[in-house]
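The next block holds one structure in the form of structure tokens; read it before the comments.
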2 protein chains.
Amino acid sequence: MQKQETLTKNQKIILDLIEKSDQPLKAYSILFDVKKKGINAPLQVYRALKKLVKIGKIHKIESRNAFIACKNSKCQIAKATVFSICESCEDVTEIHDHKLSEHLRDFKDNKGMKYSKYNLEFFGICKKCV
Amino acid sequence: MQKQETLTKNQKIILDLIEKSDQPLKAYSILFDVKKKGINAPLQVYRALKKLVKIGKIHKIESRNAFIACKNSKCQIAKATVFSICESCEDVTEIHDHKLSEHLRDFKDNKGMKYSKYNLEFFGICKKCV
DNA sequence: AACGCTGTGTAATAATATAACATATTTAAG
DNA sequence: CTTAAATATGTTATATTATTACACAGCGTT
Ligand SMILES: [Zn+2]
Ligand SMILES: [Zn+2]
Ligand SMILES: [Zn+2]
Ligand SMILES: [Zn+2]
């Protein structure tokens with residue numbers, strides 16, 4: 001069983017917002033949306049985001065500087081993420097592919113470095129946009 | 001045979017600088033370094049970077065907002081990049097692993113999306129930093 | 001010559017993210 | 001219970017990363 005993290009008020013507000021969106025949200029768009037809930041400054045948003053990323057509730061889409069909720073209830077994959085990104089409509093989907101995960105998890109380079117984490121972003125054109 | 005791109009003066013200056021560094025450089029650090037060569041504004045740097053990325057001479061390390069030269073003379077892998085990043089010393093190495101590349105190139109998700117590009121970043125602690 | 005394309009130079013500004021400081025709250029130890 | 005450490009908050013200011021807008025130059029095509 002995972003340790004159940006207790007979220008603070010700000011963290012809950014921001015996680016809530018991100019979970020309600022099926023697409024990644026940007027920090028300043030989050031800030032705009034939570035101003036009515038008393039969160040006034042960028043730093044309050046960034047601090048909550050940092051924590052939520054750390055505990056695996058959300059992931060950062062690095063190439064887009066945006067944050068998306070993790071739909072995987074186990075949340076053990078916070079450090080092993082794969083995304084599919086449509087370069088036309090910017091639709092982002094988290095990919096959970098067992099075989100691919102295994103390959104990535106087991107990957108060893110020729111320098112003997114041990115990897116604790118990876119992030120893979122696939123880019124293309126989604127079915128809708130073809 | 002690849003089409004040989006002719007680089008402009010600004011592009012050459014900036015590629016030169018990046019190629020001389022074995023580690024990723026940030027845009028504003030590049031700007032600082034090339035001011036003595038008459039490049040004065042961020043936009044001049046970003047425009048050159050954009051072109052150099054496009055033709056595969058350099059890659060952007062998305063999680064670091066930094067740019068590294070591609071050592072692969074063929075430059076056909078501009079759209080299929082794998083990096084190893086040390087979270088302690090920030091050392092970055094481009095990985096060329098045939099088997100891994102094959103797996104990634106052949107990956108199909110269950111949504112029938114065709115991928116034209118991917119970027120994978122592995123994180124860990126390098127041998128020096130252990 | 002007229003056009004499209006790519007690149008340049010400059011100024012201004014937008015977008016993303018962190019530093020620094022004072023204070024509050026929660027947790028864990030003694 | 002008291003104390004100390006760890007975590008979170010609120011606020012202001014600032015740093016860092018990246019783009020918009022505009023005027024113009026060079027080059028190859030028609
Ligand atoms: Zn996830
Ligand atoms: Zn799409
Ligand atoms: Zn490369
Ligand atoms: Zn290292």
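Just so we're on the same page: letters track the sequence lines, and every chain starts at 1. In this text the structure is predicted, and so the values were computed from the model without any measurement.
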In Å and rounded to the nearest 0.5 Å, what is the [atom1] to [atom2] distance from [X] to [Y]?
X        : Y        : atom1 : atom2 : answer
A:Met113 : B:Lys128 : CE    : NZ    : 11.5 Å
A:Leu52  : A:Glu19  : CG    : CD    : 8.5 Å
B:Ile14  : B:Ile30  : CD1   : CD1   : 6.5 Å

Exercise. Is there a residue in residues 24-31 of chain B whose heavy atoms reach under 4.0 Å of DNA chain C, and which residues are they?
Worked result: none
For this session: Answer yes when A:Asp16 and A:Lys12 have at least one side-chain N-carboxylate O distance shorter than 4.0 Å, and no when they do not.
Result: no
Exercise. So does A:Arg64 pair up with B:Glu62, basic N to acidic O under 4.0 Å?
Worked result: no
Exercise. Heavy-atom count around A:Lys54 NZ within 6.0 Å, excluding the residue itself: above 12?
Worked result: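 At most 12 heavy atoms, drawn from other residues, nucleotides or ligands, come within 6.0 Å of this atom.
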For this session: Take atom NZ of A:Lys111 as the centre, draw a 6.0 Å sphere, and report whether it contains more than 12 heavy atoms from other residues, nucleotides or ligands.
Result: yes
Let me know the distance between [atom1] of [X] and [atom2] of [N], rounded to the nearest Å.
X       : N      : atom1 : atom2 : result
A:Tyr46 : D:dA8  : OH    : P     : 19 Å
A:Arg64 : D:dA18 : CZ    : C1'   : 14 Å
A:Phe32 : C:dA15 : CZ    : P     : 13 Å
A:Leu43 : C:dA17 : CG    : P     : 13 Å
B:Leu49 : D:dT17 : CG    : P     : 12 Å
B:Lys35 : C:dT10 : NZ    : C1'   : 13 Å
B:Lys50 : C:dT8  : NZ    : P     : 13 Å
A:Ile55 : D:dA8  : CD1   : C1'   : 14 Å

Seminar exercise, completed: Axis-to-axis angle for the helix from C:dA1-D:dT30 to C:dG30-D:dC1, ends of five pairs each, to 10°, equals 40°
Seminar exercise, completed: Of A:Gln44 and A:Lys54, the one whose nearest nucleotide on DNA chain D sits closer to the 5' end is A:Lys54
For this session: Within residues 9-22 of chain A, find the residues that approach DNA chain D with a heavy atom at under 4.0 Å, and present them sorted by residue number.
Result: A:Asn10, A:Gln11
Exercise. To which residues is A:Val130 joined in a hydrophobic cluster, defined by side-chain heavy-atom contacts under 4.5 Å among Ile, Leu, Val, Met, Phe, Trp and Tyr, whether direct or through other members?
Worked result: A:Ile125
Problem set entry | Evaluation steps, side chain to side chain donor-acceptor pair (under 3.5 Å), between A:Tyr115 and B:Ser84 | CA-CA 8 Å; A:Tyr115 299 113; B:Ser84 145; 3.3 Å; yes
Exercise. Are the side chain of A:Glu121 and the backbone of A:Ile61 linked by a donor-acceptor contact shorter than 3.5 Å?
Worked result: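 No; zero donor-acceptor contacts below 3.5 Å.
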For this session: Check whether any side-chain N or O of A:Ser101 sits under 3.5 Å from a backbone N or O of A:Asp97 as a donor-acceptor pair, and report yes or no.
Result: yes
Exercise. What does nucleotides 22-28 of chain C look like as a protein-contact string, B for base, S for sugar-phosphate only, - for none, at under 4.0 angstrom between heavy atoms?
Worked result: -------
For this session: Tell me what A:Lys60 touches on the nucleic acid: a base, only sugar-phosphate, or nothing, going by heavy atoms under 4.0 Å.
Result: sugar-phosphate
Could you list the donor-acceptor pairs under 3.5 angstrom formed by side chains in residues 31-49 of chain B, with sequence neighbours left out?
from    : atom 1 : to      : atom 2 : distance (Å)
B:Lys36 : NZ     : B:Asp33 : O      : 3.3
B:Asn40 : ND2    : B:Gly38 : O      : 3.3
B:Gln44 : OE1    : B:Asn40 : N      : 2.9
B:Gln44 : OE1    : B:Ala41 : N      : 2.9

For this session: Check whether any side-chain N or O of B:Thr8 sits under 4.0 Å from OP1 or OP2 of C:dT6, and answer yes or no.
Result: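 No, B:Thr8 has no side-chain N/O under 4.0 Å of OP1/OP2 on C:dT6.
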Exercise. Hey, does the side chain of A:Lys51 come within less than 4.0 Å of D:dA8's phosphate (OP1/OP2), counting only N and O?
Worked result: yes
For this session: Please find out if less than 6.0 Å separates the ring center of A:Phe107 from that of B:Phe122.
Result: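 For A:Phe107 and B:Phe122, the ring centres are under 6.0 Å apart.
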Problem set entry | Given DNA chain C, 5'-ward residue of the pair B:Gly38 and B:Asn65, judged by closest heavy atom | B:Gly38
Problem set entry | A:Gln11 vs A:Thr8, side-chain contact (heavy atoms from CB on, under 4.5 Å): CA-CA, chis, key distance, verdict | CA-CA 5 Å; A:Gln11 289 160 7; A:Thr8 65; 3.1 Å; yes
